[in-house]
Amino acid sequence: MKIAILGGTGSLGKGLSSRWIKAGHDLIIGSRDLSKAQEVAVELGLDASAGMLNIDAASHCELACLTVPFAHQEATLLSIEGALADKIMIDATVPLMPPKVMRVQLPIEGSAALKAQSLLGESTTVISAFQNISAELLQTDADIDCDVLVAGDFIEARNTVISLAKDAGLTAWHAGPLCNSAAAEALTSILIAINKKHSLAHSGIRITGH
Ligand SMILES: NC(=O)c1ccc[n+]([C@@H]2O[C@H](COP(=O)([O-])OP(=O)(O)OC[C@H]3O[C@@H](n4cnc5c(N)ncnc54)[C@H](OP(=O)(O)O)[C@@H]3O)[C@@H](O)[C@H]2O)c1
């Protein structure tokens with residue numbers, strides 16, 4: 001699949017890209033800065049031409065994944081307006097509001113994913129995922145002891161994202177409609193608090209049952 005990572009020069013973008021490249025996907029690294037995008041593309045073993053401005057990355061892909069800090073989610077999505085029509089966009093944004101990152105602070109829209117959906121409009125299918133996965137671990141070959149909650153209003157689009165999570169070596173679950181993304185986004189602040197209070201490096205979540 002031709003996947004564009006919007007904000008792909010950052011930690012999570014590099015982590016997801018490296019795993020999807022290994023799985024055989026065709027990655028485009030998006031950035032606000034063309035030369036930075038090209039540098040990171042080469043760093044990831046791609047041709048420099050796989051680095052593009054976010055707007056071009058969004059236009060050239062089949063599916064996009066947004067990996068920018070919450071404070072820049074809106075500006076990034078407005079900058080690529082229209083380029084994701086009839087495509088899936090995975091939103092990994094966690095609405096952390098520094099300095100109180102251990103406190104759940106969901107935006108007025110209910111969640112970052114719902115905000116993304118309202119900014120992009122109905123022609124784009126927003127699916128939320130990966131909020132609880134450590135970018136640092138994704139950049140290694142380590143087994144990651146954390147599941148992925150996949151929320152979205154369309155089951156086929158959720159299936160696509162669950163399959164991409166598997167390609168990245170992760171176990172992913174249907175977590176219901178997009179409004180349920182609030183739970184996954186909120187969990188990140190709890191995991192950050194657990195890391196700090198229990199001196200863990202990468203706490204995670206597992207779904208159990210049989
Ligand atoms: N880090 C993690 O472990 C992790 C795990 C799960 C979810 N998340 C979520 O994933 C998202 C990305 O996290 P990250 O750690 O990868 O972030 P990051 O490395 O701090 O930033 C990612 C990219 O965002 C772009 N960016 C930075 N400032 C910007 C601005 N003013 N306007 C537009 N774009 C800007 C930059 O790309 P360019 O400069 O190239 O444009 C940057 O490389 C966040 O919402 C985070 O909460 C992170």
Side-chain angles (χ1 to χ4, degrees), residues 4-20 27-44 48 50-58 64-81 89-107 111-116 119 126-140 142 144-151 161 165 168 170 172 181-196 200-205:
I5 313 286
L6 309 175
T9 58
S11 308
L12 186 64
K14 285 185 193 177
L16 288 170
S17 297
S18 62
R19 290 198 172 218
W20 283 333
L27 267 289
I28 304 172
I29 308 302
S31 170
R32 290 166 297 166
D33 175 334
L34 181 59
S35 60
K36 189 174 169 188
Q38 291 173 336
E39 265 170 42
V40 171
V42 171
E43 192 187 306
L44 289 166
M52 297 183 191
L53 291 173
N54 284 324
I55 177 73
D56 296 325
C65 180
L66 180 69
T67 61
V68 299
F70 177 67
H72 311 305
Q73 183 205 40
E74 181 168 344
T76 305
L77 292 180
L78 292 177
S79 78
I80 53 133
E81 212 183 344
M89 190 196 78
I90 304 172
D91 191 6
T93 308
V94 180
L96 297 177
M97 301 184 198
K100 296 195 171 168
V101 294
M102 289 184 283
R103 179 173 299 206
V104 175
Q105 299 183 80
L106 296 173
S111 71
L114 286 174
K115 183 173 181 179
L119 287 163
V126 175
I127 301 289
S128 93
F130 304 116
Q131 295 91 345
N132 309 130
I133 306 296
S134 156
E136 202 179 314
L137 289 181
L138 279 170
Q139 290 182 56
T140 71
I144 298 181
D145 201 12
C146 181
D147 288 351
V148 179
L149 300 178
V150 178
V161 176
L170 301 162
S181 176
E185 295 173 26
L187 266 173
T188 300
S189 287
I190 294 170
L191 294 174
I192 294 170
I194 290 171
N195 285 341
K196 184 168 168 70
L200 296 179
H202 304 291
S203 60
I205 55 151

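First listed ligand is number 1; within each ligand, the first listed atom is number 1.
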Query raised in the report: Counting only N and O atoms by type, is there a donor-acceptor contact under 3.5 Å from the side chain of Ser128 to the main-chain atoms of Asp91?
Result: no
Query raised in the report: Can an N or O of Phe130 be found at a distance shorter than 3.5 Å from an N or O of ligand 1?
Result: no
Requested in this report: Can you pull out the closest protein heavy atom to atom 20 (O) of ligand 1? Residue, atom name and distance to 0.1 Å, please.
Outcome: Pro69 CG, 3.9 Å
Query - Sub-4.5 Å side-chain heavy-atom contact between Val68 and Leu6 - result: no
Query raised in the report: Do ligand 1 and Leu96 have nitrogen or oxygen atoms that lie under 3.5 Å from each other?
Result: no
Report task. Consider every N or O of Thr9 and every N or O of ligand 1, then say whether any pair is closer than 3.5 Å. Result -> yes
Report task. Tell me, please, which residues at least two apart from Asp33 pass salt bridge (charged side-chain N to carboxylate O under 4.0 Å, His left out). Result -> none
Query - Donor-acceptor contact below 3.5 Å, side chain Arg19 vs main chain Thr140 - result: yes
Report summary line: atom 22 (C) of ligand 1 sits nearest the protein heavy atom Thr67 O, 3.3 Å
**Report entry** atom 44 (C) of ligand 1 - nearest protein heavy atom and its distance
**Finding:** Val68 O, 3.2 Å
Report task. Report yes or no: does Asn132 contribute a side-chain atom to a donor-acceptor pair with the main-chain N or O of Asp147 at less than 3.5 Å? Result -> no
Query raised in the report: Has ligand 1 got any nitrogen or oxygen that is less than 3.5 angstrom from a nitrogen or oxygen of His72?
Result: yes
Query - Atom indices of ligand 1 within 4.0 angstrom of Ile133 heavy atoms, with elements - result: 3 (O), 5 (C), 6 (C)
Report task. Take atom CD of Gln105 as the centre, draw a 6.0 Å sphere, and report whether it contains more than 12 heavy atoms from other residues, nucleotides or ligands. Result -> yes
Query raised in the report: Are the side chain of Ser79 and the backbone N or O of Thr76 linked by a donor-acceptor pair below 3.5 Å?
Result: yes
**Report entry** atom 9 (C) of ligand 1: the protein heavy-atom neighbour that sits closest, reported with distance to 0.1 Å
**Finding:** Ala92 O, 3.4 Å
Query raised in the report: Any N/O of Ser11 closer than 3.5 Å to an N/O of ligand 1?
Result: yes
Report task. Heavy-atom contacts with Gly7 under 4.0 Å: which atoms of ligand 1 show up? List them by number with element. Result -> 22 (C), 23 (C)
Report task. Please answer whether the main-chain N or O of Gln131 pairs with a side-chain N or O of Glu185 as donor and acceptor at a distance below 3.5 Å. Result -> no
Query raised in the report: Just which atoms of ligand 1 are under 4.0 Å from any heavy atom in Gly10?
Result: 16 (O), 19 (O), 22 (C), 43 (O)
Report task. Using a strict 4.0 Å cut-off to heavy atoms of Ser31, name the atoms of ligand 1 that fall inside it. Result -> 38 (P), 40 (O), 41 (O)
Query - Polar atom proximity, Lys36 to ligand 1 (N or O, under 3.5 Å) - result: yes
Query raised in the report: Is ligand 1 under 4.0 Å from a heavy atom in the side chain of Glu136, in the backbone, in both, or in neither?
Result: neither
Query raised in the report: Can you tell me if Ser203 uses its side chain to pair, donor with acceptor, with the backbone of Leu191 under 3.5 Å?
Result: yes
Query - Nearest non-hydrogen protein atom, atom 33 (C) of ligand 1 - result: Arg32 CD, 3.3 Å
Query raised in the report: Side-chain contact, heavy-atom cut-off 4.5 Å: Gln139 with Ser11?
Result: yes
Query - Sub-4.0 Å atoms of ligand 1 with respect to non-hydrogen atoms of Ala135 - result: 1 (N), 2 (C), 3 (O)
**Report entry** Any Leu16 side-chain heavy atom under 4.5 Å of Ile90 side chain
**Finding:** no
Query raised in the report: For Ser31, does its backbone N or O pair with a side-chain atom of Asn54 as donor and acceptor, under 3.5 Å?
Result: yes
**Report entry** ligand 1 contacted by Thr76 (non-hydrogen, < 4.0 Å)
**Finding:** yes
Requested in this report: Check whether any side-chain N or O of Gln73 sits under 3.5 Å from a backbone N or O of Thr93 as a donor-acceptor pair, and report yes or no.
Outcome: no
Query raised in the report: Nearest to atom 10 (O) of ligand 1, what protein heavy atom do you find, and at what distance?
Result: Leu12 CD2, 3.4 Å
Query raised in the report: For Ala75, is the nearest heavy atom under 4.0 Å from an atom of ligand 1?
Result: no
Query - For atom 46 (C) of ligand 1, closest protein heavy-atom neighbour - result: Val94 N, 4.2 Å
